[in-house]
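Each ligand, and each atom within it, is numbered from 1 in the order the structure gives.
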Amino acid sequence: MTFLPHSVSLRSALRAAAIFSLGLTLLPAVAQDAATSESHGINVANMDRSQTPGDNWFLYCNGDWIKRTELPADRARIGVFSQLDDLSNKRTAALIEEVAKSNAPAGSSQRKIADLYNSFMDEAAIEKTGLAPLEPHLKAIAAIKDKKELAFALGQTLRSDVDALNNTNFHTANLFGLWVASGFNDSEHYTPYLLQGGLQLPTRDYYLGDSEHMKEVRAKYQTHVSAMLKLAGFDDTHARAERIIALEHAIAEKQLSLADNEDIHKANNPWQQVDFAKKAPGLDWNEYFRGAGLSKVSTFIVWQPTAFAGESALVESTPLETWKDWMAYHLVEEYAPYMTKALADENFAFFGGVLQGTTEQRPRWQRGVVVVNRYLGDDVGELYAKRYFPAESKAQVQAMVANIIAAYRKRIDALSWMAASTKAEAQAKLTTLYVGIGYPETWIDYSAYEVKPDDIFGDIWRGKLFEYHRNVNRLGKQVDRHEWSMDPQTVNAVNLPLQNALNFPAAILQPPFFDPQAPAAHNYGAIGAIIGHEISHTFDTEGSTFDSKGRLRNWWTPSDFAHFEAATNKLAEQYDKYEPFPGVHVNGKQTIAENIADLGGIAASHDAFITSLKGKTAPMQDGFTGEQQFFIAFGQNYASKGREAALRQQVLVDPHSPAQYRADTVRNNDAWYSAFDVKPGQTLYLAPDERVRIW
Ligand SMILES: [Zn+2]
């Protein structure tokens with residue numbers, strides 16, 4: 001689970017088709033705003049001090065930034081996070097370009113970075129090569145002569161391209177996807193999870209939804225599939241596209257919805273390999289697993305059993321020729337971004353244009369950065385961390401984490417509603433919690449990944465296989481709880497529930513969230529509250545599913561749940577009252593886990609800030625006391641600006657509340673009232689007994 005809504009980390013830039021629409025366009029003018037400010041601590045120039053904190057806290061903290069910031073045409077929303085993203089990408093690009101010019105020796109990681117980047121950048125060579133790299137693969141598909149060979153070929157397409165719990169990605173266009181992680185029933189060892197797949201469009205709703213918008217998307221998809229096949233040299237493309245889409249539609253009908261995918265309790269279905277033929281007849285599973293190189297693996301966890309049964313039956317009932325067309329089209333789509341301009345442009349026009357509404361592709365060099373981050377992310381991350389994350393920063397953040405954990409320990413001990421046994425397990429979870437700061441303890445060894453100059457198709461092909469084999473090779477081995485799931489150059493934070501671990505990459509540990517030269521008040525209010533937010537998730541309804549060893553085991557008593565629910569209902573009611581647009585309210589239940597994490601995060605971080613002062617008075621900044629700086633820094637975490645349509649959509653689908661209301665949670669904290677002299681009658685004022693306290 002990540003800190004940011006709709007985030008896409010670079011390592012999980014999930015599918016070739018989607019990497020061009022991550023919205024990571026560089027905006028130097030805006031990025032500088034965050035990066036080059038001379039002062040340290042809260043950004044007073046961003047505030048609107050004509051506002052009263054107790055009436056309009058969000059504008060008080062961010063009003064002048066909102067006034068002077070323009071929303072670029074290709075963005076749905078921007079905020080401090082996207083500004084930092086831009087900065088991180090720019091720095092990463094500079095590092096890659098430096099390496100690309102350095103003429104590093106063959107076989108070195110620097111040479112690989114350079115070769116991969118340069119291969120992607122050499123459009124003339126790609127144009128000259130044309131369709132040649134596709135041809136052997138298309139021939140192999142054309143040569144499939146029966147369903148047995150089809151099953152083997154489908155097995156060969158399996159990749160480790162899904163992730164159910166960490167960076168959460170439930171989409172693969174291959175028939176199925178593999179996720180390797182610590183096991184639900186054996187948390188000590190790496191275990192294979194199999195997830196549904198088979199669709200090019202993002203979710204089943206795109207095939208099954210009957211809104212006008214979805215119908216329009218499907219009509220354009222038909223044209224697009226036909227165009228892709230034509231560009232790849234196929235005849236009769238209209239009819240082929242119709243059959244391919246009909247097959248995808250049938251697959252969509254068998255798939256589970258996103259909400260069902262996210263329900264962990266429906267996912268723990270261990271199947272022996274010998275069970276597949278019985279539980280999901282149709283596909284020749286022996287051949288499938290042989291093709292995937294998994295014949296010797298005895299047990300899998302099948303995330304969506306009904307989808308496996310349904311998709312397997314479709315392999316039997318759908319004509320071989322349709323499956324072969326489906327395979328060929330999926331191959332062409334997957335590699336289009338790395339092929340001729342005609343294929344790459346057609347891929348973008350649909351996935352970037354029709355699906356995302358963007359009108360322009362990012363400059364090629366930015367896409368090159370995404371490619372290198374995707375396939376050599378740790379090698380680049382190592383350079384990034386060395387350049388931009390000094391050891392003092394790491395030590396400083398570690399000390400903050402220790403103080404925040406200590407604050408949680410005290411708060412949990414003081415809870416009146418939690419049973420002693422539950423408290424003991426919560427404390428045990430804090431003891432075993434691994435908090436990764438800046439960069440991983442060990443880096444991925446890419447020596448088995450062969451990067452050849454001027455062979456971008458092959459480089460991507462081998463990159464995906466390298467990642468797959470890396471995962472398959474560790475099945476059954478001891479889990480490394482300190483393993484990371486985000487690159488250091490990613491601006492985000494993540495909670496890894498099966499590992500009882502948190503990752504805070506170097507790229508988020510930068511101003512305005514963390515500044516080694518800023519006063520403690522600022523750092524605890526900004527990054528401290530984010531750290532506190534992630535820690536809160538280890539105890540909440542999600543965290544209660546996994547114990548201190550990462551095992552799938554509910555460690556809460558029923559009465560704990562009852563009390564927790566009563567306390568959280570009050571918070572849900574508070575958020576239900578927020579009305580961003582006339583008649584449109586925030587959904588307090590849908591956003592409850594995130595709102596609790598925000599509330600608990602700021603409370604624990606505030607305790608830790610006070611502890612860090614050791615009885616001294618915090619220094620003033622621009623006339624603001626330490627207490628005031630703490631809360632303003634928190635409010636400034638949420639500076640953002642978005643289009644109405646995007647905000648309306650967020651209210652409907654996002655587990656995170658709109659930024660303004662996340663900032664407003666300060667109204668539940670007693671210290672905020674005294675810091676800003678907030679009085680009854682002001683909009684955000686809550687009487688002491690109306691303020692919600694959960695942890
Ligand atoms: Zn969260």
Flag if over 12 foreign heavy atoms under 6.0 Å of NZ, K549: no
Got a sec: is E594 within less than 2.8 Å of the Zn ion (ligand 1) via an N/O/S atom? yes
Does H533 put an N, O or S atom under 2.8 Å from the Zn ion (ligand 1)? yes
With sequence neighbours excluded, what pairs up with N268 under the side chain to side chain donor-acceptor pair (under 3.5 Å) test? N185
Closest to the Zn ion (ligand 1), among the N/O/S atoms of H537, is atom NE2
Could K394 and Y439 be counted as a cation-pi pair, given that NZ or CZ must be under 6.0 Å from the ring centre and within 45° of the axis? yes
Does the ring center of F58 lie less than 6.0 Å from the ring center of Y661? no
